[in-house]
Amino acid sequence: MIPSFYEFMMRFVNEEAKDPISRLANAIHDDSSFPKQSQDFQKISNYMEHSLEYSKLISVFDEMWQRYKFDYLD
């Protein structure tokens, strides 16, 4: 079974870390409205682009989406 992007990102949650990947994972973890079941780039990307919470993390999202896609969708 293919994990959702949310499930993929939960591997990187670390509340004490300050690196960009952990910051993105922590933000997603703490966001109760995040589309947790989605594997759809457009849906997740649109959600993140319309949220100020993620404005500085969009490039990290793009990088992690490529990793997710390579690991699970290609």
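Remember, predicted model here, so these are calculated numbers, not experimental data.
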Side-chain touch [X]/[Y], heavy atoms, less than 4.5 angstrom:
| X | Y | answer |
| --- | --- | --- |
| Ile28 | Met64 | no |
| Val60 | Tyr54 | no |
| Gln39 | Ile2 | yes |

Among all residues two or more places apart in sequence or in another chain, which pass the side chain to side chain donor-acceptor pair (under 3.5 Å) test with [X]?
| X | value |
| --- | --- |
| Gln66 | none |
| Asp30 | none |
| Glu15 | none |

Looking at Asn26 and Ala17, what are the two nearest heavy atoms and their distance?
ND2-O, 4.2 Å
At their closest point, which heavy atom of Pro20 faces which heavy atom of Leu57, and how far apart are they?
O-CD2, 4.2 Å
Pair up each side-chain donor or acceptor in residues 5-12 with any protein partner under 3.5 Å, not counting sequence neighbours, and list the distances.
{"from": "Glu7", "atom 1": "OE1", "to": "Ser4", "atom 2": "N", "distance (Å)": "2.7"}
{"from": "Glu7", "atom 1": "OE1", "to": "Ser4", "atom 2": "OG", "distance (Å)": "3.4"}

Residue list, ring-ring contact (aromatic ring centres under 6.0 Å, His included) with Tyr72, at least two apart or on another chain
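For Tyr72, the residues satisfying ring-ring contact (aromatic ring centres under 6.0 Å, His included) (neighbours in sequence not counted) are Tyr68.
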As a quick check of understanding, evaluate side chain to side chain contact (heavy atoms under 4.5 Å, CB included) for Ile21 and Arg67, giving each step before the final call.
CA-CA 12 Å; Ile21 294 170; Arg67 260 175 93 171; 3.9 Å; yes
More than 12 non-hydrogen atoms from neighbouring residues, nucleotides or ligands closer than 6.0 Å to NZ on Lys56, yes or no?
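No, because the 6.0 Å sphere around NZ of Lys56 holds 12 heavy atoms or fewer from other groups.
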Determine all donor-acceptor pairs shorter than 3.5 Å in which one atom belongs to a side chain in residues 42-50; sequence neighbours excluded.
{"from": "Gln42", "atom 1": "NE2", "to": "Asn46", "atom 2": "OD1", "distance (Å)": "3.3"}
{"from": "Ser45", "atom 1": "OG", "to": "Glu49", "atom 2": "OE2", "distance (Å)": "3.2"}
{"from": "Asn46", "atom 1": "ND2", "to": "Gln42", "atom 2": "O", "distance (Å)": "3.3"}
{"from": "Tyr47", "atom 1": "OH", "to": "Asp31", "atom 2": "OD1", "distance (Å)": "2.9"}
{"from": "Tyr47", "atom 1": "OH", "to": "Asp31", "atom 2": "OD2", "distance (Å)": "2.7"}
{"from": "His50", "atom 1": "ND1", "to": "Asn46", "atom 2": "O", "distance (Å)": "2.6"}

